Amino acid sequence: MTPFTEQVINIIKKIPKGTVMTYGQIAALAGSPRGARQVVRILHSMSKKYRLPWHRVVNAKGEIALGDEEGRYTQKALLQEEGVLFVDGDRINLSVYRHEPVLEGER
DNA sequence: GCCATGGCTAGTA
DNA sequence: GCCATGGCTAGTA
(Lines give C-alpha, C1' and ligand atoms only; values in the text may rest on other atoms or scores of the structure.)
Protein backbone atom coordinates (compact mmCIF):
# COMPACT_ATOMS: atom_id res chain seq x y z
CA MET A 1 0.00 0.00 0.00
CA THR A 2 1.40 3.39 -0.94
CA PRO A 3 1.88 6.22 1.58
CA PHE A 4 -0.78 8.17 -0.24
CA THR A 5 -3.28 5.37 0.23
CA GLU A 6 -2.47 5.07 3.92
CA GLN A 7 -2.84 8.80 4.37
CA VAL A 8 -6.18 8.79 2.66
CA ILE A 9 -7.43 5.97 4.85
CA ASN A 10 -6.26 7.69 8.00
CA ILE A 11 -7.81 10.98 7.06
CA ILE A 12 -11.15 9.45 6.22
CA LYS A 13 -11.19 7.43 9.41
CA LYS A 14 -10.92 10.64 11.40
CA ILE A 15 -13.81 12.52 9.84
CA PRO A 16 -16.06 13.28 12.79
CA LYS A 17 -19.68 12.22 12.86
CA GLY A 18 -21.99 14.80 11.38
CA THR A 19 -19.33 16.38 9.16
CA VAL A 20 -18.01 15.71 5.65
CA MET A 21 -14.92 16.17 3.52
CA THR A 22 -14.55 16.38 -0.27
CA TYR A 23 -12.51 14.10 -2.51
CA GLY A 24 -10.15 16.87 -3.50
CA GLN A 25 -9.72 18.06 0.05
CA ILE A 26 -8.70 14.60 1.18
CA ALA A 27 -6.36 14.12 -1.77
CA ALA A 28 -4.64 17.43 -1.12
CA LEU A 29 -4.24 16.70 2.56
CA ALA A 30 -2.76 13.31 1.74
CA GLY A 31 -0.16 15.05 -0.37
CA SER A 32 -1.59 14.79 -3.87
CA PRO A 33 -3.68 17.83 -4.79
CA ARG A 34 -4.74 16.23 -8.06
CA GLY A 35 -5.52 12.83 -6.66
CA ALA A 36 -9.23 13.17 -6.19
CA ARG A 37 -10.02 10.29 -8.48
CA GLN A 38 -7.64 8.09 -6.59
CA VAL A 39 -9.53 8.88 -3.43
CA VAL A 40 -12.61 7.67 -5.20
CA ARG A 41 -11.02 4.33 -5.95
CA ILE A 42 -9.55 3.91 -2.50
CA LEU A 43 -12.91 4.62 -0.99
CA HIS A 44 -14.49 2.13 -3.29
CA SER A 45 -12.08 -0.67 -2.62
CA MET A 46 -11.11 -0.18 1.01
CA SER A 47 -14.08 1.24 2.86
CA LYS A 48 -15.35 -2.14 3.89
CA LYS A 49 -12.06 -3.65 5.01
CA TYR A 50 -11.04 -0.58 6.98
CA ARG A 51 -14.49 0.34 8.26
CA LEU A 52 -14.30 3.77 6.70
CA PRO A 53 -17.13 6.29 7.09
CA TRP A 54 -17.46 6.42 3.29
CA HIS A 55 -20.74 8.29 3.51
CA ARG A 56 -18.95 11.35 4.89
CA VAL A 57 -17.20 12.02 1.57
CA VAL A 58 -18.88 14.22 -1.04
CA ASN A 59 -17.82 16.13 -4.14
CA ALA A 60 -16.58 19.72 -4.23
CA LYS A 61 -20.10 21.10 -4.57
CA GLY A 62 -21.31 19.31 -1.50
CA GLU A 63 -23.31 16.81 -3.47
CA ILE A 64 -23.55 13.09 -3.06
CA ALA A 65 -21.47 11.78 -5.91
CA LEU A 66 -22.61 8.18 -6.04
CA GLY A 67 -23.89 7.03 -9.37
CA ASP A 68 -25.94 4.23 -7.94
CA GLU A 69 -29.46 5.20 -6.94
CA GLU A 70 -29.62 2.92 -3.92
CA GLY A 71 -26.19 4.01 -2.78
CA ARG A 72 -27.21 7.65 -2.87
CA TYR A 73 -30.25 6.90 -0.81
CA THR A 74 -28.18 5.03 1.75
CA GLN A 75 -25.55 7.74 1.97
CA LYS A 76 -28.13 10.45 2.41
CA ALA A 77 -29.89 8.47 5.10
CA LEU A 78 -26.67 7.83 7.02
CA LEU A 79 -25.78 11.52 6.95
CA GLN A 80 -29.23 12.58 8.02
CA GLU A 81 -29.01 10.20 10.95
CA GLU A 82 -25.94 12.15 12.03
CA GLY A 83 -27.84 15.40 11.87
CA VAL A 84 -26.71 16.65 8.48
CA LEU A 85 -29.35 18.68 6.67
CA PHE A 86 -29.85 18.62 2.90
CA VAL A 87 -30.90 21.49 0.65
CA ASP A 88 -32.70 21.07 -2.64
CA GLY A 89 -32.20 17.36 -3.17
CA ASP A 90 -28.84 15.82 -2.56
CA ARG A 91 -26.75 18.81 -1.61
CA ILE A 92 -25.43 19.91 1.75
CA ASN A 93 -23.98 23.23 2.83
CA LEU A 94 -20.24 22.72 2.94
CA SER A 95 -19.55 25.90 4.84
CA VAL A 96 -21.55 24.40 7.66
CA TYR A 97 -20.58 20.74 7.58
CA ARG A 98 -17.10 20.62 6.08
CA HIS A 99 -14.53 19.11 8.40
CA GLU A 100 -11.21 20.99 8.41
CA PRO A 101 -8.62 18.79 10.11
CA VAL A 102 -5.98 20.49 12.22
CA LEU A 103 -2.55 20.01 10.66
CA GLU A 104 0.17 18.32 12.70
CA GLY A 105 2.24 21.49 12.88
CA GLU A 106 -0.41 23.69 14.39
CA ARG A 107 -1.58 21.29 17.03
C1' DG B 1 3.11 0.10 -24.09
C1' DC B 2 -1.54 1.98 -25.45
C1' DC B 3 -6.10 3.32 -24.33
C1' DA B 4 -10.35 3.75 -22.08
C1' DT B 5 -12.26 4.42 -17.63
C1' DG B 6 -13.99 6.76 -13.60
C1' DG B 7 -18.56 8.16 -6.94
C1' DC B 8 -13.50 14.58 -9.60
C1' DT B 9 -12.12 19.52 -10.03
C1' DA B 10 -10.09 24.26 -10.95
C1' DG B 11 -10.92 27.62 -13.88
C1' DT B 12 -12.80 29.46 -18.40
C1' DA B 13 -16.95 31.27 -20.97
C1' DG C 1 -7.36 18.45 -17.58
C1' DC C 2 -5.88 14.92 -14.08
C1' DC C 3 -3.78 10.35 -12.87
C1' DA C 4 -3.63 5.37 -11.15
C1' DT C 5 -5.61 1.01 -12.79
C1' DG C 6 -6.89 -2.75 -15.58
C1' DG C 7 -7.51 -5.07 -19.93
C1' DC C 8 -5.38 -5.98 -24.12
C1' DT C 9 -2.37 -5.93 -27.93
C1' DA C 10 2.46 -5.57 -30.11
C1' DG C 11 6.75 -7.10 -30.15
C1' DT C 12 11.06 -8.85 -27.93
C1' DA C 13 13.54 -13.18 -26.16
Side-chain angles (χ1 to χ4, degrees):
Chain A
M1 183 152 54
T2 69
F4 175 71
T5 304
E6 286 180 44
Q7 283 294 303
V8 169
I9 289 173
N10 277 325
I11 292 167
I12 294 175
K13 262 197 294 202
K14 293 188 207 155
I15 304 176
K17 195 173 171 182
T19 68
V20 300
M21 286 183 78
T22 68
Y23 297 95
Q25 191 190 356
I26 293 166
L29 208 60
S32 179
R34 306 175 181 280
R37 306 208 79 127
Q38 281 56 255
V39 173
V40 167
R41 272 184 302 95
I42 293 167
L43 212 42
H44 210 247
S45 55
M46 318 273 223
S47 52
K48 192 163 201 169
K49 188 170 175 188
Y50 293 88
R51 295 274 174 75
L52 301 179
W54 59 273
H55 60 285
R56 308 212 261 249
V57 183
V58 298
N59 73 18
K61 292 187 247 172
E63 298 164 334
I64 288 181
L66 260 174
D68 179 58
E69 185 76 34
E70 191 184 322
R72 275 208 304 279
Y73 180 83
T74 307
Q75 181 170 10
K76 186 173 177 179
L78 285 170
L79 285 172
Q80 286 175 323
E81 282 172 25
E82 301 184 350
V84 175
L85 297 178
F86 283 77
V87 290
D88 44 61
D90 286 345
R91 203 173 85 248
I92 71 186
N93 188 341
L94 279 182
S95 58
V96 173
Y97 298 107
R98 183 200 291 273
H99 171 54
E100 310 264 17
V102 182
L103 275 0
E104 295 294 323
E106 22 187 290
R107 204 160 35 181

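The analysis underlying the following values was restricted to heavy atoms, covering all of them including side chains, and did not include hydrogens, waters or symmetry mates. None of the values given here were measured: they were computed from a predicted structure.
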Would you mind reading off the distance between A:Ile42 atom CD1 and C:dT5 atom P, rounded to a whole angstrom?
8 Å

Ignoring hydrogens and angles, tell me if any N or O in the side chain of A:Gln7 forms a donor-acceptor pair with the backbone of A:Ile26 under 3.5 Å.
no

Atom pair distance, as rounded to whole Å: CG in A:Leu66 and P in B:dG6:
14 Å

Give a yes or no answer on whether the side chain of A:Arg91 reaches the backbone of A:Gly62 with a donor-acceptor pair at less than 3.5 Å.
no

Kindly indicate whether a cation-pi arrangement holds for A:Lys13 with A:Tyr50, taking the cut-offs as under 6.0 Å to the six-membered ring centre and within 45° of the axis.
no

NA contact type, A:Gly24, heavy-atom cut-off 4.0 Å: base, sugar-phosphate, or nothing?
sugar-phosphate

Touch class at under 4.0 angstrom, heavy-atom based, for A:Arg37 against every strand present
base

Flag yes if more than 12 heavy atoms outside A:Glu100 fall under 6.0 Å of its CD atom; otherwise flag no.
yes

Within this structure, what is the CE-to-P distance between A:Met21 and B:dT9, rounded to whole angstrom?
12 Å

Considering Watson-Crick and G-U wobble pairs with both distances under 3.5 Å, what does B:dG6 pair with?
C:dC3

Distance-only, no hydrogens or angles: does the A:Arg72 side chain make a donor-acceptor pair with backbone N or O of A:Gly67 under 3.5 Å?
yes

Rounded distance in Å - CZ (A:Arg34) to P (B:dG11)
9 Å

Let me know the distance between CZ of A:Arg72 and C1' of B:dG7, rounded to the nearest Å.
10 Å

Within this structure, what is the CE-to-C1' distance between A:Met1 and C:dA4, rounded to whole angstrom?
16 Å

Between B:dT9, B:dG7, C:dC3, which one does the side chain of A:Gln38 approach most closely?
C:dC3

Integer-rounded Å distance: B:dC8 P and A:Ile64 CD1
13 Å

Could you state the CZ-C1' distance from A:Arg91 to B:dC8, rounded to the nearest angstrom?
17 Å

Candidate nucleotides C:dT5, B:dT9, B:dC8, ranked by approach to the side chain of A:Ala65 - the nearest
B:dC8

More 5' along DNA chain B: A:Arg41 or A:Val58, using each one's nearest nucleotide?
A:Arg41

